[in-house]
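Every heavy atom of this structure was used, including side-chain atoms; hydrogens, water molecules and symmetry mates were not.
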Amino acid sequence: MAEPFDAVDIIRIKRDGGSVPEPALRWLIDAYTREYVQDAQMSAFTMAVLLNGMTRDEIRVMTDAMIASGERMSFAGLGKRTADKHSTGGVGDKITLPLAPLVAAYGVAVPQLSGRGLGHTGGTLDKLESIPGWRAALSNEEMFAQMQGPVGAVICAAGSGLAPADKRLYALRDVTGTVEAIPLIASSIMSKKIAEGTESLVLDVKFGSGAFMKDYAKAKELAETMVALGTDSGVNTTALLTDMSTPLGLTAGNANEVRESVEVLAGGGPADVVELTVALAREMLQMSGIDEDPAEALRDGRAMDVWRAMIRAQDGDPDAPLPSPKETHVVTADRDGVMTRLDAYDVGIAAWRLGAGRARAQDPVVHAAGIDMHAKPGDSVRKGDPLFTLNADDPARFDRALDALAGSYEIGDAAPDVAPIVRERIAAA
């Protein structure tokens, strides 16, 4: 059967700064998914998008076409409101772990489909797999039952049936220098989130050295684009722009981030992790019609109860000891003073080199590896005080991790101005 469009014609339109008609753009995504359009042709198209951008309508059509390439889930039969969160990733970003049970403690179902880490950014599933027995792979039926029942929240891997076009397109962008194109980032994230079927979605869009989008203006553009996509698709969507110049919390790794998350659920934990968890929870609850202070469920233990039930529901043991490193190395302060800077990207690279992350998707992670931070910007230190504890199973990894940390921090005489974590809220226009 003859194809209704030609890929070369579509490439020329975008190359010359034009807008691709909806039927042609839908055909392009479908034809690429079924491997009629070649990688070389789609590479040319994505580069043209990177250079010339896309209109809001083009992004909407492309996102919808990617959703149509696979299944679309529905939680309409749950009998509960549903709300989800997506983070663009960062260093020490364990927020999903306390957030999902916190929101579920108020009767809102949380279908949190998460991913694995790559490079300097950690993955939620890698962290949770530190817990003995816990499994990430659930069927749609298991997801539905876990959310409908008393647990109410699920964190698991996305099935292969959601937006398969995105899987092909993302792999191509990764090797053609087009990952940074905002229309392609937005359609990639939102095709999966919309296909997931949640009623409401809060986006945690990060900026700064440890974030995917370093520049605040670019991060804001991405947030606005994704909020528009969600709104146009009937999903109640907002975004918080959050600072990832400094790592979140006092841990970067896997098992150590789980420990810190449990501290938050127990009513303690680092102030920045608590602040962002509560801010995102409040947003998710308000979008679900609930006007309550989520911090209460951290204080009274309700969120911890849901956490323990959620881990058990996925065959994990919430009471089992978490992995501990075979080797540690402590970095100490060389002078008295105040920590004035701690670069998130450098800390992320150091944790990755210790074994906490992966360079390739198929690489394993070392769950006990990572970094414990004993000081953050604004904290006073004395000469000889511990600044970092490096955790690894192989001591040969310490040297390269120390190289990454060498320029990551500064100790000065005066406390720096500490900017708020949540910088701006983006709602539908």
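Of the inter-residue distances, the one linking K127 atom NZ with S114 atom OG reads 10.5 Å to the nearest 0.5 angstrom. Here L248 contributes atom CG and I421 contributes atom CD1; the two are 6.0 Å apart, rounded to the nearest 0.5 Å. From L240, atom CG reaches atom CD of E283 across 5.0 Å, with rounding to the nearest 0.5 Å. Taken from CZ in R116 to CD in E129, the straight-line distance is 4.0 Å, to the nearest 0.5 Å. For the atom pair S69 OG and R168 CZ, the distance stands at 11.0 Å (nearest 0.5 Å). For the atom pair CD of Q112 and OG1 of T96, the computed distance is 4.0 Å after rounding to the nearest 0.5 Å.
Side-chain contact between L97 and T124: present, with at least one pair of heavy atoms (C-beta onward) separated by less than 4.5 Å. You'll find the side chain of K218 stays beyond 4.5 Å of the side chain of E180, heavy atoms only. In this structure the side chain of E199 never reaches within 4.5 angstrom of the side chain of D84, judged on heavy atoms. Put simply, the side chain of V110 does not reach to within 4.5 Å of the side chain of L99, judged on heavy atoms. Side-chain contact between L280 and V422 is absent, with no heavy-atom pair separated by less than 4.5 Å. Using a 4.5 Å heavy-atom cutoff, the side chains of V273 and E260 are in contact. Within the 4.5 Å cutoff, the side chain of M304 has heavy atoms near those of the V262 side chain. With contacts defined as side-chain heavy-atom distances shorter than 4.5 Å, the pair F45/L28 qualifies.
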Intermediate values then yes/no, salt bridge (Lys or Arg N to Asp or Glu O under 4.0 Å), D403 and R353: CA-CA 10 Å; D403 287 344; R353 289 179 178 178; 5.3 Å; no
Salt bridge (Lys or Arg N to Asp or Glu O under 4.0 Å) between D243 and R423, worked out: CA-CA 7 Å; D243 194 342; R423 195 66 57 87; 3.1 Å; yes
Check against side chain to side chain contact (heavy atoms under 4.5 Å, CB included), V338 and D379: CA-CA 6 Å; V338 179; D379 291 342; over 6 Å; no
Stepwise side chain to side chain contact (heavy atoms under 4.5 Å, CB included) check, L322 with H367: CA-CA 9 Å; L322 293 167; H367 290 116; over 6 Å; no
Check against salt bridge (Lys or Arg N to Asp or Glu O under 4.0 Å), R335 and D385: CA-CA 9 Å; R335 56 161 289 188; D385 283 352; over 6 Å; no
Stepwise side-chain hydrogen bond (donor to acceptor under 3.5 Å, both in side chains) check, H374 with T389: CA-CA 8 Å; H374 305 293; T389 298; 2.7 Å; yes
Step-by-step side-chain hydrogen bond (donor to acceptor under 3.5 Å, both in side chains) determination, D166 to S191: CA-CA 8 Å; D166 174 63; S191 63; 4.6 Å; no
Side chain to side chain contact (heavy atoms under 4.5 Å, CB included) between L229 and V235, intermediate numbers included: CA-CA 9 Å; L229 277 174; V235 178; over 6 Å; no
Worked check of side chain to side chain contact (heavy atoms under 4.5 Å, CB included) between L387 and M373: CA-CA 6 Å; L387 299 178; M373 291 160 269; over 6 Å; no
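When all heavy atoms of S187 and T63 are compared, the closest pair comes out as CB-OG1, 3.2 Å. Looking at every heavy atom in both residues, T231 comes nearest to A428 through OG1-CB, 3.4 Å. In terms of heavy atoms, R72 sits closest to I67 at CD-CG2, 4.2 Å. Contact between A153 and A104 at its shortest, heavy atoms only, is CB-CB, 3.7 Å. Smallest separation of non-hydrogen atoms from G230 and I194: CA-CD1, 4.4 Å. When all heavy atoms of T246 and P377 are compared, the pair lying nearest together is CG2-CD, 3.9 Å.
Side chains of N391 and T328: a donor-acceptor N/O pair is absent below 3.5 angstrom, by distance only. Looking at S209 and K214, their side chains never bring a donor and an acceptor atom within 3.5 Å of each other. Judged by distance alone, the side chains of D343 and S408 never bring a donor and an acceptor atom under 3.5 Å apart. One side chain, T242 or D204, offers a donor N or O that lies under 3.5 Å from an acceptor on the other. Side-chain contact annotation: T251 with E257, donor-acceptor N/O pair under 3.5 Å absent. Side-chain contact of Y409 with D346: a donor-acceptor pair under 3.5 Å is absent, judged by distance alone. Checking Y32 against Q41 by side-chain atom types alone, no donor-acceptor pair falls below 3.5 Å. For the 3.5 Å distance criterion, the side chains of D372 and N256 qualify, holding a donor opposite an acceptor.
A distance-only check finds no donor-acceptor pair linking the side chain of S200 to the backbone of S288 [under 3.5 Å]. Formation of a donor-acceptor pair under 3.5 Å by the E142 side chain with backbone atoms of S139 is found in this model. Listed for the R135 side chain is a donor-acceptor partner under 3.5 Å among the backbone atoms of A137. For K376 (side chain) and L250 (main-chain N/O), no donor-acceptor pair under 3.5 Å exists by modelled atom type. A donor-acceptor distance shorter than 3.5 angstrom exists from the side chain of T340 to the backbone of E410, with no hydrogens or angles considered.
A cation-pi arrangement is present between R302 and Y106 under the rule of less than 6.0 angstrom and at most 45 degrees off the ring axis.
Residue-environment remark: CZ (F144) exceeds the threshold of 12 foreign heavy atoms within 6.0 Å. Shown here is R400, whose CZ atom has no more than 12 heavy atoms of other residues, nucleotides or ligands within 6.0 Å. Taking a 6.0 Å sphere around NZ of K80, one finds it holds more than 12 heavy atoms contributed by other residues, nucleotides or ligands. The number of heavy-atom neighbours closer than 6.0 Å to CG of D319, taken from other residues, nucleotides and ligands shown, is above 12. Within 6.0 Å of CZ on R382 lie no more than 12 heavy atoms contributed by other residues, nucleotides or ligands.
Ion pairing of K326 with D394 is absent here, as no side-chain N (NZ or NE/NH1/NH2) approaches a carboxylate O to less than 4.0 Å. Between R358 and D126, at least one side-chain N (NZ, or NE/NH1/NH2) sits under 4.0 Å from a carboxylate O, which counts as a salt bridge. Between D64 and R60 there is no salt bridge, since none of the side-chain N atoms of the basic residue sits less than 4.0 Å from a carboxylate O of the acidic one. Look at K14 and E58 and you find a salt bridge, because one of the NZ, NE, NH1 or NH2 atoms lies within 4.0 Å of a carboxylate O, short of that distance. With respect to D293 and R282, a salt bridge is recorded, a charged nitrogen being found less than 4.0 Å from a carboxylate O.
Applying the side chain to side chain contact (heavy atoms under 4.5 Å, CB included) test between M284 and each of V202, T198, L201, T82 identifies V202 as the sole match. Partner of M226 under the side chain to side chain contact (heavy atoms under 4.5 Å, CB included) criterion, out of I182, I426, V205: V205 alone.
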